[in-house]
K.L.:
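Got a structure for you, questions after.
Residue indices begin at 1 and follow the sequence shown.
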Amino acid sequence: MDSQTERPTERPTDDWSRYQTIEARAEGMYKDKGSRFLAFAEPVASEELAKERLTYYRKTYHDARHVCYAYKVSRLVEEPTVRWVSVTRSNDDGEPSGTAGKPILGRIESAGLDNILIVVVRYFGGVLLGTGGLVVAYREASADALAHATIVTRDITTTRVIRFPYEQTHDIMRRIKETGARILRQDWSNNECTIVAEVAITTADRLIINTLS
């Protein structure tokens with residue numbers, strides 16, 4: 001069973017200025033009555049990347065009985081109002097409804113993580129575990145992967161476009177450095193420069209105000 005939800009969340013600035021995710025891929029495992037549950041957790045920046053990684057796991061573990069998963073991907077939306085929009089998806093991949101994807105997603109939610117994918121691969125051991133046993137297996141496999149992961153805090157970022165004359169380049173670059181912005185693209189045309197920068201939402205307005213001052 002496949003389940004997807006999209007939830008716009010409006011939070012005070014001091015709450016949604018940052019989010020937590022994992023630093024890099026981590027692995028976990030759970031065993032019960034001969035069945036092995038291999039869990040893989042990794043950060044994903046978009047649904048497109050999550051789907052690409054799912055394709056990888058399905059190809060890599062094509063001999064497994066089930067490849068179940070859940071992910072949560074969040075992004076900042078600034079129009080018409082500022083909100084932090086989260087999209088979640090979970091899949092049981094042939095296991096009884098609600099016994100795999102849902103407990104995996106539950107671990108993501110309880111850990112308070114965003115932009116993360118967890119895949120749990122099951123190799124059947126010949127003995128049925130029952131719905132209760134499956135819920136425990138997928139939940140604990142996911143928990144073990146997260147236990148081996150490093151939790152990190154990331155700034156919620158936005159994109160700003162800055163246009164200025166050539167002679168202001170030094171000052172603009174200094175201000176970009178001060179706000180911790182990351183230059184995504186830089187173009188020169190007719191003695192005018194255009195910079196597209198990624199900047200933390202908490203300093204985005206300051207970057208624009210400073211640039212125009």
Side-chain angles (χ1 to χ4, degrees), residues 4-26 40-54 70-89 105 107-118 145-213:
Q4 180 174 5
T5 60
E6 180 169 319
R7 302 190 308 276
T9 305
E10 297 190 26
R11 295 181 285 180
T13 302
D14 58 349
D15 287 338
W16 55 251
S17 62
R18 294 183 173 186
Y19 68 93
Q20 287 191 314
T21 188
I22 60 175
E23 186 173 38
R25 174 172 139 152
F40 307 92
E42 58 180 271
V44 290
S46 66
E47 280 196 272
E48 291 73 18
L49 180 56
K51 291 174 182 177
E52 288 178 11
R53 297 303 295 159
L54 285 170
Y71 64 73
K72 181 180 180 182
V73 177
S74 302
R75 69 188 189 282
L76 183 71
V77 176
E78 298 186 74
E79 297 293 342
T81 60
V82 178
R83 60 200 188 282
W84 184 238
V85 178
S86 298
V87 176
T88 63
R89 184 184 290 274
L105 182 59
R107 277 301 181 183
I108 293 174
E109 298 280 19
S110 64
L113 301 175
D114 283 288
N115 295 345
I116 180 174
L117 164 72
I118 297 181
L146 291 179
H148 287 90
T150 299
I151 307 299
V152 292
T153 300
R154 306 285 193 201
D155 287 325
I156 293 177
T157 60
T158 187
T159 302
R160 292 289 185 264
V161 178
I162 313 163
R163 295 183 177 88
F164 55 92
Y166 176 80
E167 56 267 21
Q168 291 184 9
T169 300
H170 178 75
D171 184 52
I172 297 303
M173 291 302 181
R174 177 176 59 82
R175 294 176 190 277
I176 286 177
K177 183 177 180 180
E178 290 174 352
T179 57
R182 182 170 68 94
I183 297 176
L184 303 177
R185 191 174 72 252
Q186 183 172 338
D187 300 309
W188 294 95
S189 177
N190 298 324
N191 198 38
E192 182 180 85
C193 183
T194 299
I195 288 179
V196 179
E198 181 183 37
V199 61
I201 188 65
T202 53
T203 59
D205 290 340
R206 181 156 57 91
L207 174 64
I208 300 302
I209 292 172
N210 285 343
T211 299
L212 297 176
S213 61

K.L.:
With heavy-atom distances below 4.5 Å as the criterion, would you say the side chains of Y71 and I118 are in contact?
P.N.:
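No; the side chains remain at least 4.5 Å from each other.
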
K.L.:
Mind listing the closest non-hydrogen atom pair of L146 and R107 along with its distance?
P.N.:
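The answer is CD1-O, 3.9 Å.
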
K.L.:
Quick one: do L113 and I22 satisfy side chain to side chain contact (heavy atoms under 4.5 Å, CB included)? Show the steps, please.
P.N.:
CA-CA 8 Å; L113 301 175; I22 60 175; 4.2 Å; yes

K.L.:
So, taking the atom named CD in E42 and the one named OG1 in T21, what distance separates them when rounded to the nearest 0.5 Å?
P.N.:
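Result: 10.5 Å between the selected atoms.
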
K.L.:
Carefully, step by step, assess E109 and T88 under the rule side chain to side chain contact (heavy atoms under 4.5 Å, CB included).
P.N.:
CA-CA 10 Å; E109 298 280 19; T88 63; 4.0 Å; yes

K.L.:
Ignoring hydrogens, what is the shortest heavy-atom contact between A45 and L49? Give both atom names and the distance.
P.N.:
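What the structure gives for the nearest pair is N-CD2, 3.7 Å.
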
K.L.:
What are the two closest heavy atoms between V73 and S46, and how far apart are they?
P.N.:
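The answer is CG1-CA, 3.7 Å.
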
K.L.:
Carefully, step by step, assess S17 and I156 under the rule side chain to side chain contact (heavy atoms under 4.5 Å, CB included).
P.N.:
CA-CA 5 Å; S17 62; I156 293 177; 5.9 Å; no

K.L.:
Using the rule side chain to side chain contact (heavy atoms under 4.5 Å, CB included), only one of I201, V85, T157 pairs with L76; which is it?
P.N.:
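Per the side chain to side chain contact (heavy atoms under 4.5 Å, CB included) rule, the option paired with L76 is I201, out of I201, V85, T157.
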
K.L.:
Which residue, D114, D155, T153, forms the side-chain hydrogen bond (donor to acceptor under 3.5 Å, both in side chains) with R18?
P.N.:
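Answer to the side-chain hydrogen bond (donor to acceptor under 3.5 Å, both in side chains) test with R18 among D114, D155, T153: D155.
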
K.L.:
I195 pairs by side chain to side chain contact (heavy atoms under 4.5 Å, CB included) with which of R160, M173, R185?
P.N.:
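That would be M173.
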
K.L.:
Calculate, to the nearest 0.5 Å, the distance between atoms CZ and CD1 belonging to R25 and I116 respectively.
P.N.:
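Nearest 0.5 Å value for the CZ-CD1 distance: 13.0 Å.
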
K.L.:
For P43 and A24, work out which heavy atoms get closest and say how close.
P.N.:
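It is CD-C, 3.8 Å.
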
K.L.:
Go through the steps for V87 and E47 under the test side chain to side chain contact (heavy atoms under 4.5 Å, CB included), then give the verdict.
P.N.:
CA-CA 8 Å; V87 176; E47 280 196 272; 3.7 Å; yes

K.L.:
Would you give the length of the straight line joining atom CD of E167 to atom CD1 of I172, rounded to the nearest 0.5 angstrom?
P.N.:
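Those atoms lie 10.5 Å apart.
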
K.L.:
Is it true that a side-chain atom of T159 and a backbone atom of E198 form a donor plus acceptor pair closer than 3.5 Å?
P.N.:
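Here the side-chain-to-backbone pair does not exist.
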
K.L.:
Measure the spacing between CG of L105 and CZ of R89 and express it to the nearest 0.5 Å.
P.N.:
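Interatomic distance, L105 CG to R89 CZ, rounded to 0.5 Å: 12.0 Å.
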
K.L.:
Taking the side chain as every heavy atom from C-beta outward, state whether I183 and V196 have any pair of such atoms under 4.5 Å apart.
P.N.:
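Not in contact.
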
K.L.:
Less than 3.5 Å apart, any donor N or O on the side chain of Y19 or R154 sitting next to an acceptor on the other?
P.N.:
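Side-chain D/A pair, Y19 to R154: absent.
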
K.L.:
Spell out, as yes or no, whether a donor-acceptor pair under 3.5 Å connects the side chain of T194 to the backbone of R163.
P.N.:
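Not at all, since once roles are kept as given, no pair shorter than 3.5 Å links the two residues.
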
K.L.:
If I take atom CZ from residue F164 and atom CD from residue E192, how far apart are they, to the nearest 0.5 angstrom?
P.N.:
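Taking CZ in F164 and CD in E192, the distance rounds to 9.0 Å.
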
K.L.:
In Å, rounded to the nearest 0.5 Å, how long is the span from NE2 of H170 to CZ of R174?
P.N.:
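The NE2 atom of H170 sits 6.5 Å away from the CZ atom of R174.
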
K.L.:
Please check this pair: side chain of T179 against backbone of R175, looking for a donor-acceptor N/O pair closer than 3.5 Å.
P.N.:
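Such a contact is found between T179 side chain and R175 backbone.
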
K.L.:
Is there a donor in the side chain of S86 and an acceptor in the side chain of S74, or the other way round, less than 3.5 Å apart?
P.N.:
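Checked: S86/S74 side chains pair up, N/O donor to acceptor below 3.5 Å.
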
